[in-house]
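Contents: one structure, followed by commentary.
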Number of protein chains: 2
Amino acid sequence: MINPILSPVHTSSRDDAVLNALVDFVASEGLKPGDRLPTERVLSEYLKVSRTTVREALTRWQELGLVERRQGSGTYLRAAVTRNMLHMPLTLPSGNDFGSLMHTLEIRRGLEAEAAVLCAERASDEDIAFIEQKLIRMEAAFHEREGMSSEEDWDFHLAVFRTSGNPLFEQIIAAMYEMFHRFWEHPLGVRDFGHASFPYHRTLFNCIAARDPVGARAEALKLIATVEDDLRRGAANLKKQSKT
Amino acid sequence: MINPILSPVHTSSRDDAVLNALVDFVASEGLKPGDRLPTERVLSEYLKVSRTTVREALTRWQELGLVERRQGSGTYLRAAVTRNMLHMPLTLPSGNDFGSLMHTLEIRRGLEAEAAVLCAERASDEDIAFIEQKLIRMEAAFHEREGMSSEEDWDFHLAVFRTSGNPLFEQIIAAMYEMFHRFWEHPLGVRDFGHASFPYHRTLFNCIAARDPVGARAEALKLIATVEDDLRRGAANLKKQSKT
DNA sequence: GCGCCTAATTGGTTGGACCATTGTGCCAAT
DNA sequence: ATTGGCACAATGGTCCAACCAATTAGGCGC
């Protein structure tokens, strides 16, 4: 019954009218992320609505991360906007406990496995060469710094997601990834966090290169499993520390 | 009362202060989703901020789907709220072409299978009884109206997702579900849309009741497969029609 | 008891005012 | 000529008081 998304189209709402007009404006002016929007007062006058209404509309975009406001400076675009965007506000209660972090991994488990399957099914030769390049770069960074490199690691996975041909994978998993790392920059004092996942990157790639969807799923699952394991170890670590 | 803990971050924003106070109020009153919040004017007076500020704060919660406003009636809680909630709003460009629709199904394939697994692993006896009740209701609606009922069908799946213990499943899948149905209330002229998925609801339930995660995954995948098939038939239908 | 109508309540909108922060450009001191 | 500080204008943030629009509750007549 409580559907977090469904919001009967309030076409009569002034806010939506303002936002739609703003989408058109952004499109007609060719504004890109980082560019400044007109001031609230200007929008208010131009759209023939009160400044309060403009503010309410901008507040909504701000909450969705589409826009950033800087007092004294202006309002700046942060992402591409289009009409009929689908907004998907994900909410986790109390985001920094063990359970919530595990929840993000459960989502990744389902999605990364599926993405690996699709990637293995659809990858062209060029795609595979590109992914291999990312893999080699990741491995090099691993040996250089003697540990996982978040950036190169992410680039590799990103290449896999994009090859799946479905942009939703990248966006949703990226959100999970950010949720996970927001509180665990140095997760729970586990020094070699992510270390165990290293070998599975290559085995995953091998399955993709061999167009083996079943194997790719298996390797992706193993990879996630190591992360889950790290998280469990970290949680145990924390428990032990709090006892002393 | 406000937590005696030293306020970690002196909230620079009035909005956040209002929302934090509101979280405490909801907690102290034991309000649940569906309950009514105090009116904006009351909050304004009690919190010693202007009604404008209260409105801006509530607008943010509304955009996150935490709260619903009804003019002339009041503001109602839609989800549990806590301090330190983690918000991750995603905005997806929603297309209404065949490819985009299929993309939502690929996401659902990965997530519904995973949710079914977790549900089968974690369901208590009460959970199973509740899910069965939803199943029976869905089957009754099916036979009554001789076709799938979106509402009862969704209720059944919802029960499964919630039993998984991970709120993200419901949120993400609901977004996919809405994206799918936004343009295809009567998808592509396929009259018996969803018809083929009917039997798999019970087989899925049986696996869950038997605590068989592997079987549950298989049945969930079959269920999604029928929807994908319907979509393909619809697309073919449309193609044929446009030719004439 | 039933149905309609009125009045109070509540969110939505408006206009105007002022505050806090930021950016800019001028001006003086070096 | 460069640099530093200062005044001022622009911009988002907050406030107030009133009115609009939808909803709800209560009372009135039947």
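Residue numbering restarts at 1 for every chain, and letters A, B, ... go by the order of the sequence lines.
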*B:E45 has an atom CD; how far is it from atom C1' of C:dT10, in whole Å?*
15 Å
*Whole-Å gap separating P (D:dC15) and CG (B:L43)*: 14 Å
*Classify the side chain of B:R41 and the base of C:dG11 as holding, or not holding, a donor-acceptor pair under 3.5 Å.*
yes
_Residue whose nearest DNA chain C nucleotide is more 5′ - A:S44 or B:R70_ = B:R70
_As a quick check of understanding, evaluate side chain to side chain contact (heavy atoms under 4.5 Å, CB included) for A:I173 and A:I107, giving each step before the final call._
CA-CA 8 Å; A:I173 295 174; A:I107 299 295; over 6 Å; no
*Check ion pair A:R162-A:E170 (N to O, under 4.0 angstrom)*: yes
*Rounded to the nearest angstrom, tell me the gap between atom CD in A:E40 and atom P in D:dT14.*
11 Å
*Keeping the roles fixed (side chain from A:S28, backbone from A:F25), state whether a donor-acceptor pair exists under 3.5 Å.*
yes
*Going by heavy atoms closer than 4.0 Å, what residues in residues 47-69 of chain A are next to DNA chain C?*
A:V49, A:S50, A:R51, A:T52, A:T53
*When the ring planes of B:H201 and B:F156 are compared, do they come out parallel, tilted or perpendicular, using 30° and 60° as the limits?*
tilted
*Given C:dT13, D:dT14, C:dG12, the nucleotide with the shortest approach to the side chain of A:D15*: C:dT13
*Are B:H157 and B:F169 an aromatic pair by the rule of ring centers under 6.0 Å?*
no
*Atom CZ of A:R14 to atom P of C:dG15: distance rounded to whole Å?*
10 Å
*How many Å lie between CD on B:Q71 and C1' on D:dA22, as a whole number?*
5 Å
*A:E40 with A:R69: basic N within carboxylate O range, under 4.0 Å*: yes
*Between B:R109 and B:E228, is there a side-chain N and carboxylate O pair less than 4.0 Å apart?*
yes
*For the pair B:R122 and A:E106, find out whether any cationic side-chain nitrogen is under 4.0 Å from an anionic carboxylate oxygen.*
yes
*Under-4.0 Å salt bridge between B:E132 and B:R137*: no
*Angle, rounded to 10°, between the helical axes spanning five pairs at each terminus of the helix from C:dG1-D:dC30 to C:dT30-D:dA1?*
10°
*Can you check whether B:S73 has a side-chain N or O nearer than 4.0 Å to OP1 or OP2 of C:dT10?*
no
